[in-house]
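Next up is a structure, given as structure tokens.
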Amino acid sequence: MSKNYWLVKSEPSAYSFDDLISEEDMSAEWDGVRNYAARNNMQKMKVGDQVLFYHSMIVPPKVVGISVVVKEAYPDNTAWDTESEHPDPKSSPDNPIWYMVDIKAQARMACSVSLNEIKAHPGLTEMVLVKLSRLSVQPVTETEWNYIVEMGHPEKIT
DNA sequence: GCCAACGTTGGC
DNA sequence: GCCAACGTTGGC
């Protein structure tokens, strides 16, 4: 199986790329996803798949970094934690419904890539980000990935 | 199974 | 803050 590419969105006021970098080992659980299409995409993620980190709900919204999957989908225990931010009463340890993965920060875009730039790029008009803007975990094709990396000039985080 | 009503997301 | 687009819920 060859490597696949993805994009995840986060509101930086809730959880930013810098927050991920600040974590021990620069990795964290990607929990709180409560959308079936997004969950299904997470369940397809394999260790080593690379993930664009996108900041939404800011001006301008933009891709700010690159992360990598370090743990494949497993039950999101925050779903049945009534104290968590997104509890789902239908979820339980026996019937988790919702899943999360672990991702680790890899590189920061020296030039973050704004949604405007993405929309303006002739090779990126079919990106899920453009077509289905609300999907918070989405696939990225290898071609799209290469264009974004070309524009973003990622610098490895040490 | 359909569809109206409602809730949420996210760009602007 | 507004609104369009989409997802979910629930009555029938």
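Predicted, not measured: the structure shown is a model, and the values here were computed from it. Quick note on labels: first sequence line is chain A, next is B, and so on, each numbered from 1.
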Have a look at A/Leu135 and say if it touches a base, only the backbone sugar-phosphate, or nothing, with a 4.0 Å heavy-atom cut-off.
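The answer is nothing, as A/Leu135 stays clear of every strand by at least 4.0 Å.
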Are a donor atom and an acceptor atom from the side chains of A/Asn116 and A/Ser114 found within less than 3.5 Å of each other?
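Distance-only check fails for A/Asn116 and A/Ser114.
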Just list the side-chain donor-acceptor pairs under 3.5 Å for residues 24-31 of chain A, sequence neighbours left out, or say none.
| from | atom 1 | to | atom 2 | distance (Å) |
| --- | --- | --- | --- | --- |
| A/Asp25 | OD1 | A/Lys104 | NZ | 3.4 |

Among residues 111-130 of chain A, which residues get a heavy atom nearer than 4.0 Å to DNA chain B?
A/Leu115, A/Lys119
Salt-bridge criterion met for A/Arg108 and A/Asp18 (N-O under 4.0 Å)
yes
A/Asn41 and A/Trp6: side-chain donor and acceptor closer than 3.5 Å?
no
Checking side-chain polar atoms at under 3.5 Å, does A/Asp81 have a donor or acceptor matched by the opposite partner on A/Thr78?
no
Its 5'-most and 3'-most nucleotides having an atom under 4.0 Å from a non-hydrogen atom of chain A, DNA chain C is contacted over C/dA5 to C/dT9
I'd like to know if the side chain of A/Arg34 pairs up with that of A/Ser91 as donor and acceptor (distance under 3.5 Å, no hydrogens or angles considered).
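Their side chains do not contain a donor-acceptor pair, so the 3.5 Å distance test is not met.
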When A/Pro87, A/Pro96, A/Pro89 are each screened for side chain to side chain contact (heavy atoms under 4.5 Å, CB included) with A/Trp80, the one that passes is A/Pro96
Between CD of A/Gln50 and CD of A/Glu142, what distance do you get to the nearest 0.5 Å?
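Separation between the atoms: 10.5 Å.
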